[in-house]
Amino acid sequence: MSTEQALTPASYIEHHLSFNAKAVGDGGFWTLHMDTLVMSWLLGAVAFGLLWWIVRGATAGVPTKRQAFVELLVDFVDTQVKGIFHGNRHAFVAPAALTVFVWVLLMNAMDFLPVDVMGQLYHNVLGLHAWRSVPTSDVNTTFALALSVWLLMIFFSIKVKGIGGWVHELFCSPFGSNPLVWPANFLFNLIEYVSKPLSHSLRLFGNMYAGEIIFLLIGMWAATGLSGSIFGSILGAGWAIFHILIVVLQAFIFMMLTVVYIAMAHESH
Amino acid sequence: MNINLTLLAQAVSFAILIWFTVKFVWPPLLTAVETRQKTIADGLAAAERGKHDLELASKRAAQELHAAKEKASEIIAQAEKRATEIIEEAKGNAKIEGDRIITGAKAEIEQEVNRAKEGLRQQVSELAITGAEKILRREIDTKAHADMLSAIAKEL
């Protein structure tokens, strides 16, 4: 918590929700959120470095406990993908789903770090004045993931059906190939193509952002006195426990939608 | 909610992580798991085969046992038959031998009887001649009646 500012609820929340922004050019677009990037890179490097380290020593014989854990994870993802995607899932879709699940899960899990304790740590130990722990409560992260999936969706659509097949599908589904319904079809598909990345990214962002805000509100209540501290702690614990569900569920939903969208791109209508 | 360059940076990070997973994480683990699955499947198949073989072997063992039992009972039956035959043969031989001995004894007895009869006849004729001689010596001239007396002795 910054000491230079007057401590009001608005400044408290505003402070906790401001990014560590670094301008790299002129204009608002040329800004990098260093907290989002560093946290997500750190998590990505640790998680996938760990996976790589375990998998490098993978044996076909009796697996170690480490390997068994990774196998459980991989099998869980693979089972989900197998039910949705009918093709050679091992070439791309299943590993991509694993990436999404593990990365999003860990980025979401940063929400478990107590906001004020981490704030003190960032401020007093690392000398960072604004630092947000949860990369997925930055809309840039969720849009980056959703738009990547969206591009993959279009890429696979064109790869499987050809550019002609894809354009044909834009105009001739879902209502049929009669020229009279082409505009309706195209409008329909346009809405679908816009709504998919929006709902995909905003669902995750909204959940994580709301989770963070509720932690902040509970923290504010805890600052109001003894009874506020007691009930704030109890509520905070309750919300944290409930948040375990949200964190895992949202990661799972994000992965499933990724697989579903890519699988839909492989199917012809 | 401000969209900025972070989005592109995160998209690139995402692409790198996907590439890394596709290239280095997924394939080795998949290979390991699939190899193990194959090993287990082979093991199960081998066990199944072994069970099948065992079944066949026990079936064959039962058959062999059955055949051996049959053979044994056949041999016993033959042996019993042979024993009966030997006994019957021995009985027959004994009867023949007995008959032969009886016949021989009977013949000997007859011979003995004949010989005794001959001896008796001889003695009776001698006795008769002696008696007759004693009677006739007084009344008959030995010389005159010799022919007649020898004729009588012959008839006895």
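All figures in this text were calculated on a predicted structure; none of them were measured in a lab. Sequence lines set the chain letters: A, B, ... in the order given, protein chains first and strands last, and positions in each chain run from 1.
- Just one residue in the list L7(B), T6(B), N2(B) forms a side chain to side chain contact (heavy atoms under 4.5 Å, CB included) with D138(A), and that residue is T6(B).
- The shortest heavy-atom contact between G61(A) and R36(B) is O-NE, 2.8 Å.
- At a cut-off of 3.5 Å, with distance as the only test, a side-chain donor of Q10(B) or S40(A) sits close to an acceptor on the other residue.
- For D75(A), no part lies under 4.5 angstrom from a heavy atom of chain B.
- Below 4.5 Å, heavy atoms of chain A meet heavy atoms from V25(B), W26(B), P28(B), L29(B), L30(B), A32(B), V33(B), E34(B), T35(B), all part of residues 25-35 of chain B.
- Among L17(A), T99(A), L37(A), T36(A), the residue with the largest count of heavy-atom pairs under 4.5 Å with chain B is T99(A).
- Looking only at heavy-atom pairs under 4.5 Å with chain B, the residue among F29(A), Y209(A), W41(A), W52(A) that has the most is F29(A).
- Distance check, rounded to the nearest 0.5 Å: CG of L5(B) to CG of L32(A) gives 4.5 Å.
- Considering only heavy-atom pairs separated by less than 4.5 Å from chain B, the leading option among V24(A), L145(A), V62(A), V102(A) is L145(A).
- Interface residues of residues 47-59 of chain B toward chain A, defined by a heavy-atom distance below 4.5 Å: none.
- Taking every heavy atom of both residues into account, V55(A) and F24(B) meet most closely at CG1-O, 3.8 Å.
- The shortest side-chain heavy-atom distance between V22(B) and F92(A) falls under the 4.5 Å cut-off.
- The most heavy-atom pairs under 4.5 Å with chain B, out of L152(A), D78(A), L147(A), come from D78(A).
- Between the OG1 atom of T21(B) and the CZ atom of F101(A) there is a distance of 13.5 Å, given to the nearest 0.5 Å.
- No part of A47(A) comes within reach of chain B, as not one of its non-hydrogen atoms sits under 4.5 angstrom from that chain.
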- Query: After noting the C-alpha distance and the side-chain angles of F14(B) and W103(A), does the key distance pass the side-chain contact (heavy atoms from CB on, under 4.5 Å) rule?
  - Reply: CA-CA 9 Å; F14(B) 186 42; W103(A) 202 31; 3.8 Å; yes

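- More than 12 heavy atoms of other shown residues, nucleotides or ligands fall within 6.0 angstrom of atom CD in E85(B).
- Within a 6.0 Å radius of CZ in F76(A), other residues, nucleotides and ligands contribute more than 12 heavy atoms.
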- Query: What's the verdict on side-chain contact (heavy atoms from CB on, under 4.5 Å) for N140(A) and I3(B), showing C-alpha distance, side-chain angles and the deciding distance?
  - Reply: CA-CA 6 Å; N140(A) 286 298; I3(B) 302 289; 4.0 Å; yes

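- Annotation for W150(A): atom CH2 does not count as buried by contact number, only 12 or fewer foreign heavy atoms lying within 6.0 Å.
- Other residues, nucleotides and ligands contribute more than 12 heavy atoms inside 6.0 Å of the CG atom of N88(A).
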